[in-house]
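One is the number of the first residue; the rest follow in order along the sequence. Whatever order the structure lists ligands and atoms in, that order sets their numbers, starting from 1.
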Amino acid sequence: MSSEAPEDTATKAPEAPPADTTVGQDGAGADLNGSELQEPDYSVEVTLNDLQADPDNPLFSVKSFEQLGLDERILKGLSKMSFRKPSKVQERALPLLMANPPQNLVGQSQSGTGKTAAFVLNILSRLDLSTQELQATPQALILAPTRELARQIVGVVECMGQYLDGLIIGTAVPTDSNTRPQKMACSVVVGTPGTVMDMMKRRILASGGIRVLVLDEADNMLDLQGLGDQCIRVKSALPKTTQIVLFSATFPDHVTEYSKKFANNPNEIRLQHDELTVEGIKQLYIDCADGEEKYNNLVALYGLLTVGSSIIFVRTRASAAEIEKRMVAEGHTVASLTGGIEGSQRDAIIDAFRSGQAKVLITTNVLARGIDVSTVSLVINYDIPEEHTQNGRRGEPDYQTYLHRIGRTGRFGRIGVAISFVSNKDEWTMLSKIQSHFGCQIDRIDTGDWDEVEDTIKRTIKNSRAQAGFALRK
Ligand SMILES: Nc1ncnc2c1ncn2[C@@H]1O[C@H](COP(=O)(O)OP(=O)(O)OP(=O)(O)O)[C@@H](O)[C@H]1O
């Protein structure tokens with residue numbers, strides 16, 4: 001028990017996991033040092049078929065992509081990506097999005113359930129690529145809060161649209177200081193709001209032909225003063241008839257009304273607080289005496305972190321840099337990506353992480369949202385995410401960021417583990433509040449015996465798989 005966590009707080013905090021009686025029953029070893037976690041594609045067909053057949057699962061759908069009325073060439077792209085059936089949000093959003101005349105939409109669904117495909121498929125369906133001039137005229141604009149997410153979305157548009165002749169995709173993210181931004185001669189633009197606004201002002205991005213505007217992670221963008229203002233300015237430069245589409249896993253109450261105004265009388269797909277957590281993500285916590293013990297626990301977990309890929313979230317750029325420096329000096333291989341790093345260097349780091357070349361990534365909230373790397377099996381909240389209050393008061397959890405951070409694992413039916421470190425009373429209280437807010441269970445890991453820790457995590461993964469209907473592989 002933490003010396004800074006008084007007994008009464010500790011008893012209110014999440015409880016220790018119950019003894020697990022199912023361990024070892026099926027004899028299929030969930031060996032963390034073996035291949036279990038490394039495999040991003042475990043039993044994909046069995047898994048998805050099972051999950052997509054369960055009406056309570058967000059991946060469930062009664063329809064096929066063909067029934068949703070998608071173009072043959074787009075269906076071919078989906079098939080190439082091994083998308084066999086739509087997920088719930090895709091099934092519900094696509095008919096609303098693709099209806100004519102176009103209607104606006106505010107769409108919410110859990111992390112990793114395929115929101116990107118929903119808005120990309122609508123855009124691809126609406127493009128007119130019949131002449132070279134049209135192919136080089138922006139017809140759809142997607143805004144995302146970070147360059148990493150914008151680049152990722154570009155990848156999705158490229159894959160899904162690979163059979164659409166004449167499709168040109170432009171990326172509008174900050175360039176390194178020595179390079180000049182180029183004219184956007186493309187049909188779809190994906191970018192960050194500041195750069196897009198800047199390009200519009202310089203007249204290298206024409207807005208007159210744009211018919212669809214998407215804000216991914218919309219609550220985040222509209223909630224942050226700078227980004228929100230830029231989104232408003234971008235929207236006001238577009239034709240009045242532009243279809244406005246907002247997507248996120250979270251729409252906190254204080255942003256909901258504003259989102260509806262921004263999207264002007266939209267259709268809505270919404271979820272309740274207690275529907276937001278993803279079944280496949282097992283949430284755990286480790287009680288640490290102080291900051292130093294947090295670090296020691298992280299190092300002790302290193303063997304597990306490198307089994308799949310892991311993301312470690314910290315509060316500040318400075319602590320990301322410090323942890324990276326210490327771990328590297330001690331011979332561990334870790335990478336760090338924070339907002340202080342320049343454009344192309346950031347691209348190199350995230351690309352190395354995506355490819356598995358770097359397996360442990362230390363970062364801040366800059367990567368909390370949207371990033372989709374299927375091999376991420378562990379997320380560590382080294383610091384519990386905190387709300388920034390205007391009066392500088394600390395101690396309120398940032399519920400949305402917690403959910404987005406843990407959502408970097410457990411993507412589209414996969415299993416993942418999220419471990420939060422708590423080292424003082426404030427962190428205890430925040431984690432307790434997070435647990436009540438989402439109505440979820442966050443179990444304690446006892447670090448008295450590291451073999452036992454490893455075992456707990458193994459059990460966790462095994463049980464989660466069993467619960468989620470996974471067929472374990474030998
Ligand atoms: N119908 C589908 N069939 C198979 N895989 C899918 C399908 N739809 C999406 N995926 C995959 O699921 C993963 C998660 O999708 P995506 O990144 O769009 O999630 P999201 O809902 O936007 O999550 P977040 O809220 O974290 O941004 C991606 O790897 C994507 O390729």
Side-chain angles (χ1 to χ4, degrees), residues 40-53 57-68 70 74-75 77-94 107-123 142-146 148-160 162 190 214-221 245-251 269 271 275-278 280-281 309 311 354 365 367-376 379 400-416 418:
D41 61 341
Y42 42 79
S43 309
V44 169
E45 273 166 70
V46 176
T47 303
L48 285 184
N49 285 345
D50 284 355
L51 298 178
Q52 294 203 289
N57 195 290
L59 308 184
F60 171 79
S61 167
V62 284
K63 293 215 173 81
S64 63
F65 283 116
E66 285 78 2
Q67 284 170 289
L68 292 172
L70 293 164
I74 300 176
L75 289 173
L78 284 171
S79 155
K80 193 80 193 284
M81 293 172 78
S82 303
F83 281 27
R84 292 185 177 82
K85 276 190 87 180
S87 64
K88 196 174 273 183
V89 68
Q90 291 160 4
E91 180 194 29
R92 291 182 63 194
L94 281 166
Q108 181 181 23
S109 116
Q110 297 89 339
S111 57
T113 52
K115 294 182 284 296
T116 317
F119 64 72
V120 170
L121 289 171
N122 172 52
I123 286 177
I142 304 170
L143 298 179
T146 60
E148 286 73 23
L149 187 50
R151 290 178 70 236
Q152 176 178 296
I153 296 168
V154 167
V156 176
V157 183
E158 271 168 5
C159 273
M160 279 181 189
Q162 60 190 290
V190 189
V214 175
L215 264 57
D216 195 14
E217 309 299 343
D219 61 322
N220 182 233
M221 298 219 277
V245 179
L246 309 186
F247 267 110
S248 181
T250 51
F251 279 97
I269 298 174
L271 292 171
E275 294 171 321
L276 282 172
T277 47
V278 172
I281 306 172
S309 296
I311 305 184
R354 275 188 202 288
N365 285 342
L367 289 190
R369 285 173 174 256
I371 296 303
D372 179 57
V373 178
S374 60
T375 46
V376 173
V379 166
Q400 281 70 40
T401 300
Y402 176 84
L403 201 88
H404 286 278
R405 281 182 178 184
I406 69 167
R408 292 321 95 215
T409 186
R411 313 283 299 161
F412 212 81
R414 293 184 173 82
I415 295 302

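Taking each of R414, Q108, R411, R405 in turn, the one with a heavy atom nearest to atom 26 (O) of ligand 1 proves to be R411. Counting heavy atoms only, G370 comes closest to atom 27 (O) of ligand 1 of the residues G370, S82, G413. With distances taken over non-hydrogen atoms, the option nearest atom 12 (O) of ligand 1 out of F412, F83, F247 is F412.
Contact annotation: for Q90 versus ligand 1, heavy atoms closer than 4.0 Å belong to the side chain alone. Residue contacts with ligand 1, taken as heavy atom pairs separated by less than 4.0 Å, involve E217 solely via side-chain atoms from C-beta onward. Contacts with ligand 1 closer than 4.0 Å are made by no heavy atom of F119, backbone or side chain. Proximity of R408 to ligand 1, defined as any heavy-atom pair under 4.0 Å, is confined to the side chain (atoms from C-beta onward). If you look at K115 next to ligand 1, the close heavy atoms, those under 4.0 Å, come from the backbone and the side chain alike. Contacts between D372 and ligand 1, counted as non-hydrogen atom pairs separated by less than 4.0 Å, involve the side chain only.
Contact record, I281 with G407: CD1-CA, 4.0 Å, taken as the closest heavy-atom pair. The nearest pair of heavy atoms linking S248 to E217 is OG-OE1, 3.8 Å.
Judged purely by atom type and a 3.5 angstrom limit, Q110 uses its side chain to pair as donor or acceptor with the backbone of E275. One N or O on the side chain of S87 and one on the backbone of T113 form a donor-acceptor pair closer than 3.5 Å. When atom types are taken as modelled, the side chain of Q108 and the backbone of L271 share a donor-acceptor pair closer than 3.5 angstrom. Remark: side-chain polar atoms of T146 are paired, donor with acceptor, to backbone N or O of L149 under 3.5 angstrom.
R354 and Q152 share a side-chain donor-acceptor pair at under 3.5 Å.
For ligand 1, the polar-atom distance check against K85 finds a nitrogen or oxygen pair separated by under 3.5 Å. Between F65 and ligand 1, not a single N/O pair is under 3.5 Å apart. Of the polar atoms of T116, at least one N or O is found under 3.5 Å from an N or O of ligand 1, judged by distance alone. At least one N or O atom of G112 sits closer than 3.5 Å to an N or O atom of ligand 1. At under 3.5 Å, not a single nitrogen or oxygen of S109, backbone or side chain, sits near a nitrogen or oxygen of ligand 1. At under 3.5 Å, a nitrogen or oxygen of T113, whether backbone or side chain, sits near a nitrogen or oxygen of ligand 1.
Using a 4.0 Å cut-off between a side-chain N of Lys or Arg and a carboxylate O of Asp or Glu, K115 and D372 do not qualify as a salt bridge.
Within the model, atoms CG of L403 and CG of L276 stand 5.5 Å from one another, a figure rounded to the nearest 0.5 Å.
Residue S111 has at least one heavy-atom neighbour below 4.0 Å for each of these atoms of ligand 1: 23 (O), 24 (P), 25 (O), 26 (O). Of all atoms in ligand 1, listed by their number and element, those nearer than 4.0 Å to a heavy atom of Q110 are 21 (O).
Of the residues V376, T409, L367, V373, the one that meets the side chain to side chain contact (heavy atoms under 4.5 Å, CB included) test with I311 is V376.
The aromatic rings of F119 and F247 lie tilted to each other, with the angle between the two planes from 30° to 60°.
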